K.L.:
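Sharing a structure, written as structure tokens. Questions coming.
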Amino acid sequence: MGTPRKSVPLGALLALFLGHMTAALEVPLDLPQPPTITHQSQKDAIIDPRESIVIHCEAKGKPHPSFSWTRNGTHFDIDRDSKVIMKPSSGTLVIDISGEKAEAYEGVYQCTARNEHGTALSNNIVIRQSRAPLWAKERYQPMVVQEGASLVLPCRPPPGLPPPFIIWMDGWFQKLPQNPRVSQALDGDLYFSNVLKEDSRNDYTCYARFPYTQTIQQKQPMTVKVLTMDEITDSLAALVNETDFISEAPAEERMPSFLVPNGSSSTKTVLRGEVLDLECIPEGLPTPEISWHKESGDLPSGRSSFHSFRKVLRITGVTEADSGGYRCTARNRLGSVRHLITVTVKAAPYWISAPRNLILAPKENGVLICRASGNPKPAVTWFMNGIPIENSPKDPSRKVEDDTVIFSDIQTGSSAVYQCNASNEHGYLLANAFVNVLSEPPRVLTPPNNVYQVIRNSPALLDCASFGAPTPNITWFKDSQTSILDGDPYVLHKNGTLEIHVAQTLNSGKYTCVAMNSLGKKENNVFLEVKEPTRILKQPEYKMVRANEHAHFECKVKHDPSLTPNMIWLKDDGELPDDERFEVDSDSLTIRDVTEEDAGSYTCIMNTTLDQDSATAMLTVIESTPAPAVVYGQPDPPTDLELSDEQARSVQLTWISGDEHNSPIQRFVIQYEDSLRHPGAWHNLTDVPGTKTTAHLKLSPYVHYTFRVLAVNQVGSSQPSYQSRQYKTDPAAPDENPTEVQGSGTEHNNLVISWKPLSGLQANGPGLQYKVIWRQKDLEKDWASVTVANVSKFVVSGTPTFVPYELKVQALNDYGNGPEPQAHVGYSGEDLPLAAPESVQVLMQNGVLAEVHWEPVPPSSVRGLLKGYKVYYWKEKSLHKQQPHHEEQQVLTFSGNRTRGQLPGLHPYSLYTFNVRVFNGKGEGPPCPNLVFQTPEGVPGHPAFLRVTNPNLDSLTLEWGPPAERNGILIGYTLRYQPINNTNELGPLEEVALPPNETSFTLLNLRYSTRYKFYFNAKTVKGPGPVITEEAVTIMDEALLRQPAVDVGTARPVGPAFGNVSSTVRENDVVISWEYWGPDKNVYIEYIVENSKEEWRKELVNGSQTYQIKGLKPGTSYKVRVVARDQSDETVHSTKELLITLPATASRQVDIATQGWFIGLMCAIALLILVLLIVCFIKRNKGASHWLLGVVKEKEDAHADPEIQPMKEDDGTFGEYSDTEDRKPLKGSRSPSNGTIKRDDSADSLVDYGDGGDGQFNEDGSFIGQYSGRREKEPVEGTESSEAPSPSNPMNSFV
């Protein structure tokens, strides 16, 4: 009985027993056994193309198995592919697909694990790359739908692997609200049972998020316009050509019908165990309601749920019982419609009984059973060691019968791994089960002397796990009894576990299990301890307490004295509030000054390691009765301090409490003064609750104590009491030794032993000293020692370099030694390492990252604690420059016993030198020989500068500097540019490729007075570098050509937002030009007469960088400045003030044009001419009409527009043509961007469509503006433009 016992709690025992009952048969690892697959990847694995492919295959066996792989049914030679590695002692493959196409490694993989006793196979593992295909480019015309009609917005994302997650959002990336009327279907389309006016919007956007790659793709936004019938009638002509118009019957109420699915019935097939989603989406007005029921019974409880506003019925964990008809019904107040979905449940194979490993002794019998079910019924095939069993070596002891393999009178050498494959059209199951033929005497696997603890009247389970071949027979005995334990109250399980259904105290004792077979027997002892249950003897009682009073709950408990109890209190089944008003004692709970929030249920729970008991009581808080105002104050100091029960290390202190001043005393603070060491200094000794006036004080030896007491309530602390009489304790030997004992060296041949000295109170007496004890570890030498004064360290000289020592420090004084000290381990001093790392090499990861590898130095050469390795490296030069360019040396530290490290932040296309050295606590060892490596090319940095010079009417010249960081050999530059209009909208983007040896380029055929934005970057073979941008403006007239060239493209500095301000002065106006690159676009010209006190005049000049100030007085001086303002009209940027003086005009003779009589005469003549013109116009009106008719006829013949009706020949007038023409926009007009003409925008005047009234009308109201002499440029084919189409065909004006 000298062997120590191990305690096993009941919960751990139960888990162990259940796990042992269900686990597969385990063979001890020291015995021969065929391979067993322990871990493998899932059958269908979708990989992220940005990460390495990992295909798991782990197996165990004795000897350890070797591994091989097949891909797509043929041998996969991993040694021939440098991208593929197999983990050591494992079959797991890691495929590095960086720089490779992941598609090259797609396929079906199977792992084989084999040793001399058999071969195990993994499942077929299908590896497929995740895919996120791009959305096909589409352009949607606005959908115009009548209010109340149904509508479907298609999403139809590209098929991904796995399929994408669909969500509909608006232009602000907010999820579109859904409800029973508007919802997203399972296929991602957005369905409207009926549309309302508020459904009109232009930003219905479908987003598809593809997992694995975590990419989100966006469909082009769709526009929906909901119109009433009157609006549709008024807008029909405008919408008929270019707009999708969805119209049904008038928007009247209608009974439901189904948008999805079609018809009155449909079918659905689902596999067993999967999730079944049935969907019915109705339309109708008012919005229909959906209900579901199953034809042959109720919906499965607990597995069925409704989604998408009851439009989807979801059933999880489908079984064959879920087959049948499911009817969905849509109804509103006008009627109902039904649809029947017939569900058929098929099943991939699933196990009824999977084959289990067999361990047989020679001449024994055994059976492997492979029983699976499915729909259709799966076919079962057998393999031995991965070969079809019919092709394997014949074994007279083996017989195959369908799903069973029978072994009779098995022989040594018949060990093998058998595979069972059950498959049908929906999938397959593959199981490995080995047959291991062994001759092994019994072993008991349960640890000896386990102690099982259970509570009386609960089950007890005593484990006796065993192994042997033949299988051992298990018997149990109790104490010294010789009779086998069998029958009531004992139950012996097949795995050897002994169960006592209702354990009693008399069942406690020692139990012995005996495992026996034909080759021997083995015994094992365990112990059972039956404990008394935990019971609450006095439960907490219901309390009704007034607010601000105290509530007290008691919870008296009885438990087994050998178990450690733990009392927990809960409030409303949660933790107690973190409030000092809640005081928990060993068997009670007190709540002080209760509030209404304290009302509720309070539960006391008594836990032990084996069981628990609990009880609950309610607390009701009622309103307290009004009371006069109470004045609260600090308590008075305690009085009458007395010392009693005086002992060598303790004393009893009592006192009388002072007045509380309406606030109960919460605690007393007891302080002491040591007049021997620190006279006049008071220290806190202990606290006691406010309900007590006595304290038993534990004291230290060799102290001259004086005590005082303070009272503390909620208001504050009292003044200290008068001090007690002095109490002196006698000296004694130290009770403790120094702490924080350490050993380390300051030199290579010494050892510094240090410690934290004891305090004065810890010394316990005079003459404090320390005994320092040491010896070299692991050499079994005698201890060396020395006694030192009250110091904190001692130096041992002449030690070997960096060897371990055992250290002790013991306190002693004039009255004796302290307790036996604890041994600590320290090390003598370190010296510099002797060796440099070897086999140093560098592997380039990319242009900016290298990985350095080295072999670790021998441990004996470190001569200290290995801290790590340092890599020194520096840049010699950039490879595109001939001269060396040394940079400051950099150091990277890699802690620990590392064999590699990465060097980040390198410059591409550069030459580097590096070395590696080891370091310890003393310093660094010698470096390895310098090595050189070259970084590959990378993308270049941004060009040094980009400036625009020589602005002309239609051209600009760009100059640039090569990138400072070329990072390789430049192969060219890319210039892209686009115009910017007055509202900061960007025009079409043009791109120009430029050779690497150019530093300037002139752009021709630009538009005058137009701002352009330029994007410029360099590129190497690795790709384009970062872009720098610039903006510039072509000049607006020839006068500016005579000005000196203005560098409008200088790289923007950090500082002022304006630059290059210049002026051109004329007779009575001035032209100001400038550069501006600030973020605020509200730019103004401000000017004032010099020395004037008037306010500055300001004129808005958005969208231009030149401006003409007109109406200035000749001979006058003006102050002019350009300013930028923010949205609150505050000036944020301003140029310096320009002083501009207009030239004075010479004195002239009186201009006749300014005389009143001359002006009156001219007005009379103009009026007379106007009257004559009107008379002539009226007389020639008929002739003009016939002329216009001929022009219109020519245009009709030229364009052959089918929308324009021919003239009526009988009366010579325009038939339907003039009415159609009246509805078209004027020449030069812009069509609305959404492609429609709103009724509200067009009903008042046709001039609203123009750019300022370019069109004209005859006096009969007919429109002739389209046939005036002005024509606009045709838009360039293939580019998008916000301009209106050419009016040569009037109907093309409608979008």
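This structure is a prediction, so every number in the text was calculated from the model and none was measured. In this chain, numbering begins with 1 at the start of the sequence shown.
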K.L.:
Angle class for the Tyr912/Tyr873 ring planes (parallel below 30°, perpendicular above 60°, tilted otherwise)?
P.N.:
tilted
K.L.:
Check the angle between the aromatic planes of Trp655 and Phe668 and answer parallel, tilted or perpendicular using the 30° and 60° thresholds.
P.N.:
perpendicular
K.L.:
Thr92 and side chain to side chain donor-acceptor pair (under 3.5 Å): which partner among His39, Lys87, Glu58?
P.N.:
Glu58
K.L.:
Is a donor from one side chain sitting under 3.5 angstrom from an acceptor on the other, for Asn449 and Asn525?
P.N.:
no
K.L.:
Can you see which heavy atom on Val825 is nearest to which on Leu807, and at what distance?
P.N.:
C-CD1, 4.5 Å
K.L.:
Using the rule given for side chain to side chain contact (heavy atoms under 4.5 Å, CB included), can you reason through Gln647 versus Leu699, listing the C-alpha separation, both sets of side-chain angles and the distance that settles it, and then say yes or no?
P.N.:
CA-CA 9 Å; Gln647 303 292 331; Leu699 308 179; over 6 Å; no
K.L.:
I'd like to know if the side chain of Tyr770 pairs up with that of Asn790 as donor and acceptor (distance under 3.5 Å, no hydrogens or angles considered).
P.N.:
yes
K.L.:
Check the angle between the aromatic planes of Trp774 and Phe794 and answer parallel, tilted or perpendicular using the 30° and 60° thresholds.
P.N.:
tilted
K.L.:
Would you say His853 and Glu851 are linked by a side-chain donor-acceptor pair, where the criterion is simply a distance under 3.5 Å?
P.N.:
yes
K.L.:
Closest heavy-atom contact between His907 and Thr935?
P.N.:
O-OG1, 2.7 Å
K.L.:
With side chain to side chain contact (heavy atoms under 4.5 Å, CB included) as the test, would you mind laying out the steps for Lys83 and Ser98 before giving the verdict?
P.N.:
CA-CA 9 Å; Lys83 295 288 186 178; Ser98 59; 4.2 Å; yes
K.L.:
Ring centroid separation for Phe707 and Tyr705, is it under 6.0 angstrom?
P.N.:
yes
K.L.:
So with a 6.0 Å cut-off around NZ of Lys60, is the heavy-atom count from everything else above 12?
P.N.:
yes
K.L.:
Ring of Tyr909, cation from Arg966 - is the NZ or CZ under 6.0 Å from the centre and inside 45° of the axis?
P.N.:
no
K.L.:
Regarding Lys777 and Glu806, does a basic nitrogen lie under 4.0 Å from an acidic carboxylate oxygen?
P.N.:
no
K.L.:
Would you say the side-chain atoms of Ser828 pair up with the backbone N or O of Val803, donor to acceptor, closer than 3.5 Å?
P.N.:
yes
K.L.:
Only one of Asp735, Asp730, Thr729 passes side chain to side chain donor-acceptor pair (under 3.5 Å) with Arg649; say which it is.
P.N.:
Asp735
K.L.:
Salt-bridged, Lys1022 to Glu937, with N to O below 4.0 Å?
P.N.:
no
K.L.:
Is it the case that the side chains of Thr787 and Gln769 hold a donor-acceptor pair, with the cut-off being a distance below 3.5 Å and no angle test?
P.N.:
no
